[in-house]
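Since the structure comes first, as structure tokens, the remarks are kept for the end.
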Amino acid sequence: MGATGPVHEALAALPLVDHHCHGIVTADLDRDGFESLLTEAEPWPGISSFDTPAGVAVRRHCAPLLDLPRHAPADAYLARRAELGRREVDRRLLTAAGTEVFCVDTGYTPQPLTTPRELAETADATAYEVVRLEAVAEAVAAQGVEPDAYATAFCTAAEEAVRRPGVVAVKSVAAYRTGFDLNPARPSDALVNAAARQWLENGGRLADPVLVRHLLWTAVDLGRPLQLHTGFGDTDIRLHRVDPTHLTDWLHLIKGTIPVLLLHCWPYQRQAAFLAAVFEEVYLDVGLTLHHVGPARSRAILAEALEITPFRKLLYSSDAYGLAEFYQLGALAFRRGLGELLQDRVDADELSLPDALRIAAWAAGDNARRLYGLPAPDPDPAHEPRPHRD
Amino acid sequence: MGATGPVHEALAALPLVDHHCHGIVTADLDRDGFESLLTEAEPWPGISSFDTPAGVAVRRHCAPLLDLPRHAPADAYLARRAELGRREVDRRLLTAAGTEVFCVDTGYTPQPLTTPRELAETADATAYEVVRLEAVAEAVAAQGVEPDAYATAFCTAAEEAVRRPGVVAVKSVAAYRTGFDLNPARPSDALVNAAARQWLENGGRLADPVLVRHLLWTAVDLGRPLQLHTGFGDTDIRLHRVDPTHLTDWLHLIKGTIPVLLLHCWPYQRQAAFLAAVFEEVYLDVGLTLHHVGPARSRAILAEALEITPFRKLLYSSDAYGLAEFYQLGALAFRRGLGELLQDRVDADELSLPDALRIAAWAAGDNARRLYGLPAPDPDPAHEPRPHRD
Amino acid sequence: MGATGPVHEALAALPLVDHHCHGIVTADLDRDGFESLLTEAEPWPGISSFDTPAGVAVRRHCAPLLDLPRHAPADAYLARRAELGRREVDRRLLTAAGTEVFCVDTGYTPQPLTTPRELAETADATAYEVVRLEAVAEAVAAQGVEPDAYATAFCTAAEEAVRRPGVVAVKSVAAYRTGFDLNPARPSDALVNAAARQWLENGGRLADPVLVRHLLWTAVDLGRPLQLHTGFGDTDIRLHRVDPTHLTDWLHLIKGTIPVLLLHCWPYQRQAAFLAAVFEEVYLDVGLTLHHVGPARSRAILAEALEITPFRKLLYSSDAYGLAEFYQLGALAFRRGLGELLQDRVDADELSLPDALRIAAWAAGDNARRLYGLPAPDPDPAHEPRPHRD
């Protein structure tokens, strides 16, 4: 796991486009609060979430940024974190991430989180917004709507949402709601109205298969890149239903329309790579996974993801949520993993150095910039989309 | 594949808790008998089961324990095995395994096998028992029971079985009988009675989906840790139906009840790791796989299994059946694989040495001891559960 | 990724049996034509298919064979390719592959391709033929047949096809037509007749589940080895339906009949390995994948495929189609990947050198020769099957 050489140096210096993340929790965190955010699980009595690959990575790679020795004990880490205060910790970790652009999913807020603008300020970066379509639909329902008017009201609300300045994409968590074994066809108005009637009567979150299909087709109509949660998540995921290859029929139907960005993917990174290799509109990242496995395994996962993925199709995301640690760890695991992989190929003369540097720059940011129409690394504020920037 | 350093030394010295295995065949084995036990397949004319990764590992790692050179030919190995005699071979291989505790599934005996007590004697170890629930149910049926009385009779027999001294867990081979695409809900009495009627009329092994569900819910009622076969097995497995993530709905329903221990898992070790990472009650091992792939690949498989698995959730098992070789190979492959993985992380400064030693001790035995309520390495016979010990 | 040592040298010198490939496109290729054949996707405006692992491998490993520097730019590569002319390029690349025997699927010809004889001449090799059963069935339909006569006509045509000199196997692309979630039982005559009626009325390719089952059972009746596409392919594949373990029930039903050769397999190489480890009749290769991932990842994929696969069950294929580059890259990736894997095990004393050399020779050709009844490396023309040979 050597971490030297020109590809490493280039990747260490490249500003990243984190094309999918969330905000940081704005409350001060006690031990339970921190441990709960450190895992995709609920807290378990008797088992610390520091005793995980992610916990080990925090103690190894984040502790020094808080002036602690590498591998500092969890107690020392949390004490120092409290001592420095949330704002200083966030500033140090986000600055260390070296991320230039954050695309922030603003539709998942079980706890109060930083806004995209606050995130951008803390990191001295630029933030754009990703609209979570399920949140839009549920807000329409919460405001009260007649079942027959739901489809139009949702589409209108989604159109308004994506017209807001700084919005670059939409996102769906269909993976959590139904999985991907959906009828791929656009549902008829009658079907949507009947499903809306039932949902609006019964309440709860949007999880009806017809309404989820309608949501995905609405995304197509919106014409914006669509981020799709696939693979790894919390207990709410049925992992066997979120293998993205179940979307193949739908991908055929939407050919030539919007880019589809497969998020996370693990353990289906090879399946996602297959789709990215054969469907023009499909892109992928291995976000979320990177900080959970840490730098020790990020190269192995990236290597699987890149076995057949065209080099213009790999994106970077942290999928950080809640903890400033994850923005830094995600970035580090990505730089280290991709750096080791590419450097080894250069060292083995399987790849030329200029090619390796080009691939690194593409994955670190150029692919995302191209896809979302973001300005080049030195941004010109006269260009759309207008970011949230300090 | 360096095998030196303090983590290796620590793992080499740690007594193992083999939390799932079977007995050794008590018959003297001729070549066909040995080759047949060396593989999960039936014997094939013209293809020796020594020409497999497991066969290569036996010749490399077991031959020297029988005073043969490394990589001794199969014929020489079998001749020396016969010359030494079964008891001496078993003693040498089991002693070399360095296993301190065996938890023995006593419910699978297509051939006469050593009892847990005999296994313990041979290895100078302690043995506990794991009750295979399908065997209990089938014994109830074999003894004759009215269909409407089956459910109660099975539950009573299972309760009696787990009250026997030395019993630490129950096991189900639902994977072999139906796979995991089961209705997760507890079946009604009426459903169970109707299914029991049909089964008792038709005979055969327990493979009715309602009765398998009933068996799994009975395990919940018993309150003991439940070992579940998942993944790799013989031709009787439909591998695509034993991905453990198909159990997700059932795991939600049983939250807060019993520990569920996913056995083997390969090739679904990442899926199993996902469940172990998000469900408090889920643990996993990669037994059976370890001796079939051998030390050359055990590290790769453990690395996948540990990508996100909390370090308190990994267990060791050999799942050895029939051949004394497998207890030794399983132990060796586990020590070597985990040792390489952890040592490399220490060498790369991704993990501190004390953390690596702690994780090694947890996986080698402490996690299983905690889970099954086993005594600490120097056992105090005043404590329950009472083992079969020489 | 060291590529030295006696196993490497042996593998570099071994003539390969490429047990599944297609012909080379006989048209002169412009940039679009070449790029289109370089990927399993359709061409994408703005993204070059050279920016893939396969493209990188072509520039690294094929360019020097055309007298260009390693990593030559795509433009230079294509210019030199045009300058040398198709025949000279094909000759250089095929000769460099070191393949002694090609088994050529002659039933997929969307573009004019070299015949097996032409391929053999170009490579100074021997070619045999593989009969694609879907093509036979579709030719029967195209010639006009009464629905009730379809089954017999197809069987007769298939029998005639496999009696042609040089035919060594049949192949099915059931994976592309229905996937493997088929009723495994042999369909009744009435079912086949009804399905044939519908197909012959509606036209199109053979994709009816009953007719696909009938085709697979016809393959059993033919008594020849059956090659089955599994896993990776183009957008026409539904990857989640082509995991070969879905064939388990069918494999049980056909026990003791024909060899079943799982082609490609990726990303299901472990699932395929399971079947090869437990079913006597099952063999596998990782063709197609090898040239798409290139030498940089071929070892990783072979390592997974070989975790439990008996060493007599691994075959080599390129699955090259269209481009001469793929015959060479497939062969190189196979030699390098298997060489690294085996050499490392020898270096770690996990495998003896004689065993490694034996395994290499088996996988490179002996397994295929045994399976297809091909003559030994120095062929004796008096033996059947009669090859297409220059």
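Since the structure is predicted, the reported quantities are computational estimates derived from the model, not experimental observations. Chain identifiers are assigned alphabetically (A, B, ...) following the order of the sequence lines, protein sequences preceding nucleic acid strands; residue numbering begins at 1 within each chain.
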Interchain contact, [X] with chain C, by part (heavy-atom threshold 4.5 Å):
X: A:Ala276; result: backbone
X: A:Asp349; result: both
X: A:Leu306; result: backbone
X: A:Ala303; result: both

Distance-minimising heavy-atom pair for [X] and [Y]:
X: A:Phe279; Y: C:Trp44; result: C-CZ2, 3.6 Å
X: A:Phe274; Y: C:Asp234; result: CZ-O, 3.5 Å
X: C:Ala296; Y: A:Arg345; result: CB-NE, 3.5 Å
X: A:Val278; Y: C:Thr235; result: O-CG2, 3.2 Å

Applying side-chain contact (heavy atoms from CB on, under 4.5 Å) between A:Ile308 and each of C:Thr52, C:Thr39, C:Val293, C:Thr289, report the one that passes.
->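 Passing option: C:Val293.
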Heavy-atom pairs under 4.5 Å with chain A, option from C:His240, C:Arg60, C:His292 with the top count =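 Maximum pair count with chain A is reached by C:His240.
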Among C:Ser48, C:Ala300, C:Ala54, C:Gly233, residue most engaged with chain A (heavy-atom pairs, under 4.5 Å) =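 With the most close heavy-atom pairs to chain A, the winner is C:Gly233.
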Is the shortest heavy-atom distance from the side chain of C:Ile47 to the side chain of A:Arg370 under 4.5 Å?
->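 Contact flag for C:Ile47/A:Arg370 side chains = yes.
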Do A:His246 and C:Arg241 have side chains that get closer than 4.5 Å, going by heavy atoms?
-> no
[atom1]-[atom2] distance between [X] and [Y], expressed to the nearest 0.5 angstrom:
X: A:Thr248; Y: C:Ile237; atom1: OG1; atom2: CD1; answer: 9.5 Å
X: C:Glu304; Y: A:Arg270; atom1: CD; atom2: CZ; answer: 4.0 Å
X: A:Glu307; Y: C:Phe232; atom1: CD; atom2: CZ; answer: 10.5 Å

Run the salt-bridge test on A:Glu350 and C:Arg59 with the 4.0 Å N-O cut-off and return the result as yes or no.
->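 Not counted as a salt bridge, because no side-chain N and carboxylate O are separated by less than 4.0 Å.
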With side-chain contact (heavy atoms from CB on, under 4.5 Å) as the test, would you mind laying out the steps for C:Arg238 and A:His252 before giving the verdict?
-> CA-CA 11 Å; C:Arg238 270 59 179 169; A:His252 273 284; 3.3 Å; yes
